[in-house]
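Side chains are part of it too, since the values below use all heavy atoms of this structure and drop only hydrogens, waters and symmetry mates.
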Amino acid sequence: MRKIFKSIGLSVCLVSLNTHAAQPKSVRYIEDVIIQGDQMYAYYIVKCSNGVHIDVSAWNERKLWCIGNGEKTDCKKKQIKIAKLACKGV
């Protein structure tokens with residue numbers, strides 16, 4: 001019986017920690033950046049609920065979203081997914 005209560009308590013704590021993680025509050029467009037002649041990406045800033053601002057780049061006419069200004073690492077196909085990933089990483 002005691003083990004059941006401990007596991008329930010641990011589950012509640014884990015859920016509580018997950019809900020307090022930083023969440024994206026806004027994604028703000030900054031500018032389009034042209035590199036190497038005809039290649040272009042859009043530069044955005046994600047504002048997280050903990051006050052942190054993170055750079056995000058959108059490539060291929062905003063079909064690929066990546067963390068970092070001009071970076072193509074840690075990428076997702078959806079803006080909201082990359083915003084959540086960016087805020088979760090801080």
Side-chain angles (χ1 to χ4, degrees):
M1 187 72 157
R2 202 176 247 188
K3 288 182 182 180
I4 292 172
F5 286 125
K6 282 185 181 181
S7 66
I8 290 173
L10 180 61
S11 298
V12 169
C13 288
L14 290 175
V15 169
S16 175
L17 288 175
N18 194 19
T19 59
H20 293 299
Q23 296 294 317
K25 290 295 176 185
S26 67
V27 180
R28 187 177 57 168
Y29 169 79
I30 303 299
E31 65 181 341
D32 285 331
V33 179
I34 299 173
I35 57 172
Q36 297 178 1
D38 63 342
Q39 218 177 26
M40 185 176 76
Y41 69 90
Y43 172 51
Y44 288 79
I45 293 180
V46 175
K47 182 179 178 184
C48 302
S49 60
N50 61 355
V52 175
H53 295 84
I54 300 169
D55 296 335
V56 172
S57 301
W59 297 85
N60 302 337
E61 298 178 7
R62 293 166 180 79
K63 293 179 184 173
L64 183 66
W65 294 82
C66 305
I67 296 175
N69 186 0
E71 301 290 324
K72 279 193 176 179
T73 57
D74 295 325
C75 299
K76 300 286 182 187
K77 291 183 179 182
K78 303 267 182 178
Q79 181 189 54
I80 188 64
K81 287 185 180 184
I82 201 67
K84 286 180 180 180
L85 180 65
C87 290
K88 185 178 180 181
V90 290

Distance-only donor-acceptor hits, side chain of residues 51-60, under 3.5 Å, sequence neighbours excluded:
residue, atom, partner, partner atom, Å
H53, ND1, G51, O, 3.4
D55, OD1, Y43, OH, 2.8
S57, OG, G68, O, 2.5
S57, OG, G70, N, 2.6
W59, NE1, E71, O, 3.1

>> With a 4.5 Å cut-off on side-chain heavy-atom distances among I, L, V, M, F, W and Y, is there a chain of contacts connecting Y29 to V27?
In response: yes

> So if you build clusters from Ile, Leu, Val, Met, Phe, Trp, Tyr with side-chain heavy-atom gaps below 4.5 Å, do I80 and I82 land together?
Replying inline: no

> At what distance, to the nearest 0.5 angstrom, does NZ of K77 lie from NZ of K63?
Replying inline: 11.0 Å

>> Would a single hydrophobic cluster contain both I35 and I67, if residues Ile, Leu, Val, Met, Phe, Trp and Tyr are joined by side-chain heavy-atom contacts under 4.5 Å?
In response: no

> Got more than 12 heavy atoms from elsewhere within 6.0 Å of NZ, K72?
Replying inline: yes

>> Side chains of S49 and Q23, heavy atoms from C-beta outward: is any pair under 4.5 Å?
In response: yes

>> As an exercise, state the distance from CG of N69 to CD of E31, rounded to the nearest 0.5 Å.
In response: 7.5 Å

> Which residue pairs satisfy the ring-ring contact (aromatic ring centres under 6.0 Å, His included) criterion with at least one member in residues 63-84, sequence neighbours excluded?
Replying inline: Y44-W65

> So with a 6.0 Å cut-off around CD of E61, is the heavy-atom count from everything else above 12?
Replying inline: no

> Any side-chain heavy atom of Y41 within less than 4.5 Å of one from L64?
Replying inline: no

